[in-house]
Amino acid sequence: MNFLIIALGIFLALPVFAAEMPFPDLPPTAQVETALRQHIDVLTAESGISVEQANQRKWNSGSYEFNVRAGSSQRKVTSTGQQLREWDVAIERPFA
């Protein structure tokens with residue numbers, strides 16, 4: 001019975017020992033983690049997550065947000081030769 005307990009303890013401890021064993025043919029773990037964090041696929045995935053989190057916040061906020069709109073234009077009155085610069089600003093909120 002004691003042999004079985006000892007064998008089970010060794011079997012369960014093998015993953016812990018394997019994680020601590022150095023592998024001379026592999027780069028250090030810190031370098032691997034840095035390289036993975038800087039990989040273009042990982043950066044792309046992280047930015048995609050950020051975009052979707054922003055979209056989720058937008059959907060959670062509802063359709064009652066305020067919108068600010070601004071514009072400018074220039075026109076020329078041919079009869080008087082005037083050049084007019086016009087601008088407009090609008091604050092909008094949808095009704096339910």
Side-chain angles (χ1 to χ4, degrees):
M1 185 67 168
N2 288 339
F3 176 74
L4 183 61
I5 293 173
I6 292 171
L8 183 61
I10 291 173
F11 179 73
L12 293 175
L14 283 178
V16 173
F17 293 131
E20 294 176 2
M21 290 175 49
F23 295 99
D25 57 335
L26 296 177
T29 305
Q31 285 181 345
V32 172
E33 289 176 359
T34 301
L36 287 175
R37 275 193 305 259
Q38 294 175 353
H39 193 274
I40 189 69
D41 291 338
V42 174
L43 295 173
T44 302
E46 288 175 349
S47 66
I49 290 171
S50 298
V51 167
E52 291 307 319
Q53 287 173 340
N55 283 337
Q56 184 64 43
R57 285 192 303 272
K58 181 178 77 171
W59 284 108
N60 289 344
S61 65
S63 60
Y64 299 107
E65 291 185 3
F66 286 95
N67 296 319
V68 178
R69 191 170 41 115
S72 66
S73 61
Q74 184 176 358
R75 65 183 172 128
K76 184 176 184 179
V77 179
T78 55
S79 61
T80 62
Q82 283 184 309
Q83 287 193 0
L84 304 173
R85 292 186 181 151
E86 300 172 339
W87 59 272
D88 62 276
V89 177
I91 298 176
E92 303 169 338
R93 181 172 183 216
F95 289 104

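Every value quoted in this text rests on a predicted model; they were computed, and no experiment measured them. The analysis underlying the following values was restricted to heavy atoms, covering all of them including side chains, and did not include hydrogens, waters or symmetry mates.
Between the CG atom of D88 and the OG atom of S72 there is a distance of 8.5 Å, given to the nearest 0.5 Å. Note that the CG atom of N55 and the CD atom of Q53 stand 10.5 Å from one another [nearest 0.5 Å].
Here salt bridge (Lys or Arg N to Asp or Glu O under 4.0 Å) pairs that include residues 70-85, with residues two or more places apart or in two chains, are R75-E86.
When hydrophobic side chains of Ile, Leu, Val, Met, Phe, Trp and Tyr are connected at separations under 4.5 Å, V32 ends up clustered with L36. With a 4.5 Å cut-off between side-chain heavy atoms of Ile, Leu, Val, Met, Phe, Trp and Tyr, the cluster of W87 takes in V89.
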Check step by step if side-chain contact (heavy atoms from CB on, under 4.5 Å) holds for N67 and I91. CA-CA 6 Å; N67 296 319; I91 298 176; over 6 Å; no

